Amino acid sequence: MDVANKSVSEFVLLGLSNSWELQLFFFMVFSLFYVATMVGNSLIVITVIADSHLHSPMYFLLTNLSIIDMSLASFATPKMITDYLTGHKTISFDGCITQIFFLHLFTGTEIILLMAMSLDRYIAICKPLRYTSIIRPWVCAALVLASWVVGVMHSMSQVIFALTLPFCGPNEVDSFFCDLPVVFQLACVDTYVLGLFMISTSGIIALSCFILLFNSYVIVLVTIKHHSSKGSSKALSTCTAHFIVVFMFFGPCIFIYMWPLSSFLIDKILSVFYTIFTPILNPVIYTLRNQEVKTAIRKLKTRYINPDQNSSYIQNILF
């Protein structure tokens, strides 16, 4: 590690507000959201694994999305919640770099995985006769592996970049977690070139992926509209909900990394969306609104939570 970096051994996370009342409010709200995110996504993972009827490419991708969402919600939120209780808002230099690594690992992986899910739905709706021959189990596994590989490569580039920065002055990070747009402005170098790097490595990539996803949703809607008005109405409702989640995830990322010198207040508000709100919306929008998943959850509940009821049901059938 560069010796210049050693002059700053820790950073101070200023959080979202200095007001005690607001901090108490954030503690309760974010704690509730975090627990709901972990429970909701864990339920999806368990349900898909336990029910053989859900062993399909779409649900395999959704399961991986839930795993990434739980990871994205856990890299900084638990520390923020703990900081509100203890008042200890410092983070070591290594801890800050670790947060940057995991943030870009999970966001980069989720971006590619969302594109893989969009491809899956595009082929299922626009080329249904070729779906089984194109989207095979090994293809899904390759897509998931590719998303993690891209995520690791992207996060490593950000970490290597952060480690080369000299930190010799202020150490107050005006956010509730470490990320390059706020950390690099504390470096003892000109931030203009750093801002260009941020735009080229994160902002443009996020914007390009968002445009591709938007185009895929438009194509799917146009395709279904030509088949039936009833199917078009249902698809419009589903795709609109999906697009809201995609927009809430990509929108803040695009804004923060395309304009890295923007207002800290705006950046903090937007960061809440893709690190806290979006991970809980994904299971609701993508999965829990799905009738197949609802049926599987009811079966799981009957099997493990109400075994007596399940036994009585079987006895009625047999006798």
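As a basis for the values below, the full set of heavy atoms in this structure was taken, side chains included, without hydrogen atoms, waters or symmetry mates. Quick caveat, the model's predicted, so the values are computed rather than measured.
The main-chain N or O of Pro279 is found under 3.5 Å from a side-chain atom of Asn41 such that the two form a donor-acceptor pair. Between the side chain of Ser157 and the backbone N or O of His154 there is at least one donor-acceptor pair closer than 3.5 Å. Between the side chain of Asn171 and the backbone N or O of Glu10 there is at least one donor-acceptor pair closer than 3.5 Å. Between the side chain of Gln99 and the backbone N or O of Gly95, no donor-acceptor pair lies under 3.5 Å. Judged by distance alone, with hydrogens and angles left aside, the side-chain atoms of Ser31 form no donor-acceptor pair with the main-chain N or O of Met28 at under 3.5 Å. Without hydrogens or angle criteria, Ser155 side chain to Val152 main chain gives a donor-acceptor distance under 3.5 Å. Between the His55 side chain and the Ile49 main chain, a donor and an acceptor come within less than 3.5 Å of each other.
Side-chain contact between Leu119 and Ser216 is absent, with no heavy atoms from C-beta onward closer than 4.5 Å. The side-chain heavy atoms of Ile91 and Lys79, taken from C-beta on, include a pair separated by under 4.5 Å. The side-chain heavy atoms of Ile276 and Met80, taken from C-beta on, include a pair separated by under 4.5 Å. Under the 4.5 Å side-chain criterion, counting only non-hydrogen atoms from C-beta, Thr107 is in contact with Phe249. With a 4.5 Å cut-off on side-chain heavy atoms, Tyr34 and Ile280 do not count as touching. With a 4.5 Å cut-off on side-chain heavy atoms, Leu113 and Leu61 count as touching.
The cluster map of Ile, Leu, Val, Met, Phe, Trp and Tyr, joined by side-chain heavy atoms under 4.5 Å apart, puts Leu22 and Phe33 in the same cluster. Hydrophobic cluster membership differs between Leu14 and Val182, with clusters built from Ile, Leu, Val, Met, Phe, Trp and Tyr side chains linked at under 4.5 angstrom. Connection of Val12 to Trp20 is not established within any shared hydrophobic cluster, with ILVMFWY side chains joined at heavy-atom distances below 4.5 Å, either directly or through further cluster members. When the side chains of ILVMFWY residues are joined at heavy-atom separations under 4.5 Å, either directly or via intervening members, Met156 and Phe184 end up in a single hydrophobic cluster. Linking ILVMFWY side-chain heavy atoms closer than 4.5 Å, directly or via other members, places Phe25 and Ile81 in a single hydrophobic cluster.
Phe273 and Phe277 have perpendicular rings, their planes meeting at more than 60° on a 0 to 90° scale where under 30° would count as parallel.
Centroid-to-centroid, the aromatic rings of Phe167 and Phe11 come within less than 6.0 Å. For an aromatic pair to be called close, the ring centres must be under 6.0 Å apart, and Phe106 with Phe102 satisfies this.
Sorted pairs that involve residues 115-138 and meet ring-ring contact (aromatic ring centres under 6.0 Å, His included), not counting sequence neighbours, are lacking altogether.
Between Cys126 and Ile219, the shortest heavy-atom contact is SG-CG2, 4.1 Å. Residues Pro252 and Leu270 come closest through the heavy atom pair CB-O, 3.4 Å. Contact detail for Leu103 and Cys178: the closest heavy-atom pair is CD2-O, 4.3 Å. Of all heavy-atom pairs spanning Ala296 and Asp51, the tightest one is CB-OD2, 3.2 Å. In this structure, Cys209 and Phe250 approach most closely via the heavy-atom pair CB-CE2, 3.8 Å. Pairing each heavy atom of Val45 with each of Ile67, the nearest pair is CG2-CG1, 4.1 Å.
In summary, the side chains of Tyr59 and Thr47 do not present any donor paired with an acceptor at a separation below 3.5 Å, with no hydrogens or angles considered.
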Steps toward side-chain contact (heavy atoms from CB on, under 4.5 Å) verdict (Met117, Met58): CA-CA 7 Å; Met117 292 169 60; Met58 181 181 71; over 6 Å; no

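Crowding of Arg298 atom CZ: a count of heavy atoms from other residues, nucleotides or ligands under 6.0 Å exceeding 12. Atom NE2 of His53 has 12 or fewer neighbouring heavy atoms from other residues, nucleotides or ligands inside a 6.0 Å radius. Environment of CZ in Phe161: crowded, with over 12 heavy atoms of neighbouring residues, nucleotides or ligands closer than 6.0 Å.
In this structure Asp120 satisfies the salt bridge (charged side-chain N to carboxylate O under 4.0 Å, His left out) test with no other residue, sequence neighbours excluded.
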